[in-house]
Amino acid sequence: MPLSIYNSYSRTKEVFEPITPGHVGMYVCGPTVSGESHLGHARPYITFDVVYRYLTYKQFKVRYVRNITDAGHFEEEGREAEDKVGKKALLEKLEPMELVQKYTNLFHWAMKEFNCIEPSIEPTATGHIVEQINMIETLIEKGFAYVQNGSVYFDVKKYAAEHEYGKLSGRIIDELLHAEARDNTTRTLEGQDEKRDSADFALWKAAPPEHIMRWKSPWGEGFPGWHIECSAMATKYLGASFDIHGGGMDLLFPHHESEIAQSTICNHVAPVKYWMHNNMITINGRKMGKSYNNVIKLTELFSGNHPLLTQAFHPMTVRFFILQSHYRSPLDFSSEALASSEKALKRLWEAYEVLKKISPIENAAAKDAALEEKVKNWLEEMEQFMDDDFSSPKVLANMFELAPIINSIKDQLIGIDAISHHTLMLMKERFAVFLEDIFGLKATEAGNNEVLQSVMDLLIDIRKESKAKKDFATSDKIRNQLNQLGIQLKDEKDGSTSWGLA
RNA sequence: GGUCCUGUGGCCGAGUGGCUAGGCUAAGCUCUGCAAAAGCUUCUACAGCGGUUCGAAUCCGCUCGGGACCUCCA
């Protein structure tokens, strides 16, 4: 079964066929590093990390480009961006690169916590000013952009005459062009009156004197518009047209729509074959976003330090929570939902640990043919589900079907020869590949240390002796005290005792 | 106002027209010195009203509710 991807552009699922066989070029809109990442940001990066991992699993050679937006109108909350004309001492002033560095570091830290693989290339907007200026010059030469008071705008009306502007985002071009006709609820942007048409968007903005980020350009000092950076960097590293462009649904318009327009004019081809958009994370049914004032920052999530959180959540819990829903569905956040994911992940992961320790008997035949059939089917479906537009929730559902079987084998409620040697080996392989390689989950336990292991062995031994002597006071003390320390003892069916972090 | 999405059991969430995912919670049972863990079992569903169909949560229409985008935004 071939891989199918839902293409936002055609609004249908399409069979994935890369432009260059065996290779995939993938661009994902990265963070704007003027503030701290929040839970909402986690979704695209985890979603496309899984896409990247799955494509790699499918033997594609993937070049994954994810940018850092570090140019634009930057300010940091609580710090004055206005005063750079020299009243304040140098160290008191907002230094843009300091700010950018701070939030870039924080972003990278979060990605590591989430176990996201680094992209192949992580270009910055400030590092590609030249490419952006070149692209804008081309647009002017071709007559699709015009200069106005040191700023440059893209001529949407002219573009729309020959191309489908608005197709990706389902916009009606006439309405965009006559926006003033409708009741004007939209915010008035600075320099709006410079535009020939309100639908036009900025490619380059002249920097007012107090603007802290500025570069020289043919049109005077200024800074690049938001959309041009992605077009310039994607073109540079992935070519005029590439396979996958990803990002959040909220970027459909105007960001991605504009990217298509710019790149199409400059490169004479549609830039992207498959557009992929993840849905939003909501909180109380409302999108999590700065403007709604309802964000939970990742640092708050990991520490539990937020009024809406009843506890701290491990990055892997968050990752699992995101994988439990399909990436194109909205996902509603609550502390309760996350807590339930935490338990679910723990259960699944423990079953996986058990599975790793099961040693199949060579040449075991499948004594329970019906079970053998079911298990084989669940395992085979896993890849089919991922091939169907990355349906991670279904894969996880199958794993949960398998978990009781794994535990029953351990407890000898199901014989190890009930299913064939081959299927058991396949199960070990599928769990490892899907859980670790594709879903990018990893053990949350910090207890893999030899000294602790020895101490635990000792305690378990003492407890066993106490129980043999019916000295339950001592055995319960060991069990209960450990429990308070966050260590859970599990008495197995065979009389042994294992332990894990609760 | 425009474009689009969405409404599933206590909660979260899959669902390609027929065989009613999965997780969490709750209850009962098994195992256990008692627990925990594990296993087994069970309950409350498809917003409402019409229509198409032999058959609809799934397709169509209407009503009601929620959301996203139209502005920086993952």
Side-chain angles (χ1 to χ4, degrees), chain A residues 11 13 28-32 34-35 37-48 69 72-73 166 169-172 174-176 179 181-189 192 199 226 246-255 257 277-282 285-292 320-321 324-326 328-334 336-345 347-348 350-351 354 385 388 391-401 403-408 410-411 413-414 467 470 472 475-476 479-480 483 488-493 495 497-500 502:
Chain A
R11 293 166 201 239
K13 264 184 214 168
V28 174
C29 289
T32 300
S34 63
S37 299
H38 62 255
L39 175 59
H41 296 116
R43 197 168 193 191
Y45 306 130
I46 289 171
T47 297
F48 291 105
T69 298
H73 181 69
S169 55
R171 241 23 46 133
I172 296 166
D174 283 341
E175 272 187 26
L176 291 170
R182 69 166 199 262
D183 63 328
N184 207 346
T185 48
T186 54
R187 189 177 73 181
T188 38
L189 285 166
Q192 196 78 354
W226 176 37
M249 267 181 174
D250 50 351
L251 299 183
L252 274 164
F253 189 89
H255 188 53
E257 199 70 61
H277 291 93
N278 63 274
N279 214 313
M280 301 292 103
I281 286 185
T282 59
R286 176 148 238 128
K287 175 186 167 185
M288 189 177 286
K290 229 175 174 176
S291 29
Y292 294 118
F320 184 79
F321 172 67
Q324 266 186 306
S325 75
H326 190 264
R328 282 191 288 109
S329 299
L331 176 59
D332 198 51
F333 165 87
S334 69
E336 202 188 355
L338 223 45
S340 118
S341 287
E342 183 181 78
K343 287 195 176 175
L345 173 59
R347 182 173 139 78
L348 188 60
E350 282 177 358
V354 166
F385 290 154
D388 184 17
S391 296
S392 55
K394 288 177 152 190
V395 177
L396 289 172
N398 275 23
M399 288 185 155
F400 277 107
E401 293 281 10
I405 291 162
I406 293 166
N407 287 326
S408 293
K410 180 196 71 174
D411 292 341
L413 297 168
I414 294 176
K467 280 172 74 173
K470 300 225 185 283
F472 296 124
S475 67
D476 286 354
R479 183 178 74 197
N480 298 338
N483 220 331
Q488 184 184 45
L489 294 182
K490 293 179 216 171
D491 292 331
E492 305 292 353
K493 293 274 190 285
T497 300
S498 64
W499 64 279

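Chain identifiers are assigned alphabetically (A, B, ...) following the order of the sequence lines, protein sequences preceding nucleic acid strands; residue numbering begins at 1 within each chain.
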Does [N] have its OP1 or OP2 closer than 4.0 Å to a side-chain nitrogen or oxygen of [X]?
X: A:N407; N: B:rG39; result: yes
X: A:Y292; N: B:rA68; result: yes
X: A:R328; N: B:rC5; result: no

| request: Using the aromatic ring of A:F472 (for Trp, its six-membered ring), decide whether it stacks on the base of B:rG33 within the limits of 5.5 Å and 30°. | output: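 Here A:F472 meets both the 5.5 Å and the 30° conditions.
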Secondary structure of RNA chain B per the Watson-Crick/G-U criterion (both distances under 3.5 Å; [ ] crossing, | other strand, . unpaired) is (((((((..(((.....[...))).(((((.......)))))....(((((..]....))))))))))))....
**Q.** First encountered from the 5' end of RNA chain B, between A:L413 and A:P44
**A.**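 Final value for this comparison: A:L413.
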**Message:** Go nucleotide by nucleotide along RNA chain B from the 5' end; which of A:L39 and A:K467 gets its closest nucleotide reached first?
**Reply:**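 Final value for this comparison: A:K467.
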Measure from the side chain of [X], starting at C-beta and using heavy atoms only, and say which of [options] lies closest.
X: A:D491; options: B:rA38, B:rA14, B:rA36; result: B:rA36
X: A:R347; options: B:rG23, B:rA74, B:rA21; result: B:rG23
X: A:R171; options: B:rA38, B:rC70, B:rG13; result: B:rC70
X: A:F253; options: B:rA38, B:rC70, B:rA74; result: B:rC70

How close or far is atom C1' of B:rA37 from atom CG of A:N483, stated in whole angstroms?
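These atoms are roughly 11 Å apart.
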Checklist entry - To the nearest Å, how far apart are A:F321 CZ and B:rC11 C1'? => result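 Atom CZ in A:F321 sits about 12 Å away from atom C1' in B:rC11.
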Report yes if some heavy atom in the side chain of A:S169 is under 4.5 Å from a heavy atom in the side chain of A:H255; otherwise report no.
->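 No - every pair of side-chain heavy atoms lies 4.5 Å or more apart.
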Check your understanding: Per the atom types in the model, does the base of B:rG67 pair as donor or acceptor with the side chain of A:D332 at under 3.5 Å?
Key ->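 When only heavy-atom distances are counted, A:D332 does not reach the base of B:rG67 through any donor-acceptor pair under 3.5 Å.
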Below 3.5 Å, does any donor atom in the side chain of A:R479 face an acceptor in the base of B:rA36, or the other way round?
->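 Such a pair does not exist between side chain and base.
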